*Asks:* 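Dropping the structure in here first, questions after.
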Protein chains: 2
Amino acid sequence: MSRPSKRELARLITGIENGDPNALRTLREWYGRAGRAHIVGVTGAPGSGKSTLVAALTRLARSRGQTVAIVSVDPSSPFTGGAILGDRIRMRELFEDEGVFIRSMANRGALGGIARSTADIAVALDAAGYDLVFIETVGAGQAEVEVARVAETIVVVEAPGLGDDIQAIKAGILEIADILVVNKADREGAERTMSALQAALDLSTPSAGTAGHHGPGALRRVEAPAANAAGWRIPVLKTIATEGTGVEAVLDAIARHRQYLDQGAGAQRRAQRLEYEVTIRLRDLLLKRAMQQIEPARYRALIEACIARELHPQDAAQALLNALSREADRTPVE
Amino acid sequence: MSRPSKRELARLITGIENGDPNALRTLREWYGRAGRAHIVGVTGAPGSGKSTLVAALTRLARSRGQTVAIVSVDPSSPFTGGAILGDRIRMRELFEDEGVFIRSMANRGALGGIARSTADIAVALDAAGYDLVFIETVGAGQAEVEVARVAETIVVVEAPGLGDDIQAIKAGILEIADILVVNKADREGAERTMSALQAALDLSTPSAGTAGHHGPGALRRVEAPAANAAGWRIPVLKTIATEGTGVEAVLDAIARHRQYLDQGAGAQRRAQRLEYEVTIRLRDLLLKRAMQQIEPARYRALIEACIARELHPQDAAQALLNALSREADRTPVE
């Protein structure tokens with residue numbers, strides 16, 4: 001295929017977000033062509049400056065001749081057209097660059113849809129020929145871990161002085177990092193943040209011979225999407241993204257991590273990611289089919305019984321499951 | 001029943017977290033007794049001081065003769081035994097108070113399990129007779145919205161100077177607030193934070209006559225768990241939780257919101273919450289049953305085809321669904 005225009009791509013992504021069957025058909029056709037791009041997750045608390053870092057990485061990658069797509073799942077990001085107009089103005093040249101594609105994803109509330117849509121959108125951007133795909137998420141908890149499963153390389157961005165302590169440790173997302181960045185490194189406390197992160201990493205470094213990256217205490221709290229095999233040493237890098245300082249080292253580390261994955265470590269991670277993705281999709285299909293088959297009156301009655309506290313929600317769900325089993329369970333679902 | 005000991009309760013909660021059938025049986029028995037407690041969600045970014053606020057609210061509620069349970073879903077919270085030992089020491093008297101129950105929930109990565117476990121745990125604490133149940137979550141995105149659905153009243157905590165902008169607006173969680181608190185109000189910028197929040201609220205206030213709370217722009221991004229009917233005016237309150245300043249007004253606002261819900265507005269919210277909960281549970285049961293029925297060899301083959309990019313994950317999921325439909329679909333699931 002010829003490379004799709006930004007407009008075609010934007011339309012496809014909207015289709016993906018809306019679950020449009022045509023978009024999903026196109027995506028299936030494109031799927032075999034994907035696999036070339038490097039999908040990089042960038043996560044960090046609001047205020048860490050991760051959007052500015054992504055912008056700086058994008059400019060640098062462009063100067064190296066790479067094309068870049070940015071998907072922001074963070075409602076606070078300037079890429080989403082979010083909070084601050086000034087940010088958007090500062091990034092205007094990226095929006096106007098033909099080799100850069102920027103897309104925000106509204107924070108869709110329902111049933112884990114973000115992770116699935118993000119995966120599909122990453123495939124679309126990959127198939128469309130972008131060399132680098134950045135997925136920006138606000139750094140905290142479950143949603144990040146789910147979105148992170150889409151990325152091959154995960155950059156966790158920290159800034160000094162955001163609170164009393166290291167946000168990434170507090171939010172439990174250090175576990176998923178392949179690369180750690182302390183942005184706003186000209187701020188007071190940057191060195192302290194660097195050493196705290198390094199100390200946390202050292203704590204979590206597996207003893208020789210054990211594959212995987214499962215340290216004691218706080219670092220074990222979030223289930224990692226994939227273990228970092230012993231061969232990858234997580235770098236802790238300093239940047240001042242607003243000035244471009246240190247950005248080159250981050251982009252180099254990202255490229256090095258890709259090489260590392262290509263040398264074998266990526267296969268297990270990819271398999272785990274796909275298992276997760278298939279499971280999520282199956283779960284959603286099962287629910288969709290069930291919702292089509294359930295009698296509204298029965299559903300209503302069960303909910304009423306829960307409201308009256310005569311029935312526990314688990315038993316209501318079980319009753320629905322049993323009712324489904326008794327009916328013909330062969331309706332096809334698109 | 002007599003009131004369970006903290007130890008019995010802790011054991012039950014562990015059972016709930018592990019999906020132990022005995023725990024779920026007990027929970028079912030208790031379900032009819034629940035409904036008295038006031039379930040209050042407290043959410044805010046790391047560094048906003050929400051744990052300190054919860055501690056201060058708990059002390060005040062105790063002095064008013066109420067019993068309190070605290071469930072923390074935030075890995076950074078001192079209640080989880082998290083980052084800072086000092087916090088935990090400062091809160092020791094709460095841990096030792098017979099009328100206070102504190103429980104941390106490990107951040108479970110998989111498939112939206114937090115929301116369901118939190119709902120069950122809230123029921124257990126409610127049935128056990130606690131007057132107030134605080135659920136503390138780190139404020140950002142999807143997981144918060146899901147956990148928030150469990151709470152009847154949601155307090156969003158903000159602090160001045162955490163970043164360049166209001167975290168709650170940035171993280172898109174303002175939409176779910178029933179009460180807004182600017183903690184650390186002695187810090188520089190507190191007034192600015194107050195007015196920014198107030199301005200954001202004013203933007204989102206529905207025009208007269210429209211029920212619901214769906215403002216323009218950033219505020220609409222997160223799907224609200226339930227609309228705030230026109231009758232509730234979201235207060236913006238200032239606190240210095242470390243000194244107890246302003247805490248009384250917050251506890252009063254929480255009580256006022258409960259009265260407001262009891263006068264009718266709570267019914268719709270409760271119905272929506274239960275529909276969501278039943279749906280989540282049905283989805284998980286469907287997946288569990290499917291996973292028991294799928295042939296491992298077929299599953300493996302489909303995943304391999306995805307890895308080879310011969311098959312899109314959506315088609316793999318669909319193939320699994322079709323295979324399930326062809327088989328007898330009557331296996332009961334516990």
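Residue numbers start from 1 in every chain, and the chains themselves are labelled A, B, ... in the order their sequence lines are given, proteins ahead of strands. Every value quoted in this text rests on a predicted model; they were computed, and no experiment measured them.
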*Asks:* Among A:Ala290, A:Ala34, A:Ala316, who wins on heavy-atom pairs under 4.5 Å with chain B?
*Replies:* A:Ala34
*Asks:* Minimum heavy-atom separation for A:Ala122 and A:Val150, please, with both atom names.
*Replies:* CB-CG1, 3.9 Å
*Asks:* Counting heavy-atom pairs under 4.5 Å to chain A, which of B:Glu304, B:Met291, B:Glu275 comes out on top?
*Replies:* B:Glu275
*Asks:* Strictly below 4.0 Å, N to O, side chains only: are B:Glu277 and B:Arg281 in salt-bridge contact?
*Replies:* yes
*Asks:* Going through the checks in order, is the side chain to side chain contact (heavy atoms under 4.5 Å, CB included) test met by A:Lys50 and A:Thr137?
*Replies:* CA-CA 9 Å; A:Lys50 65 184 177 310; A:Thr137 68; 5.9 Å; no
*Asks:* With only heavy atoms counted, which part of B:Leu27 is less than 4.5 Å from chain A, the side chain, the backbone, both or neither?
*Replies:* both
*Asks:* For B:Val278 and A:Cys306, which heavy atoms make the closest approach, and how far apart are they?
*Replies:* CG2-SG, 4.1 Å
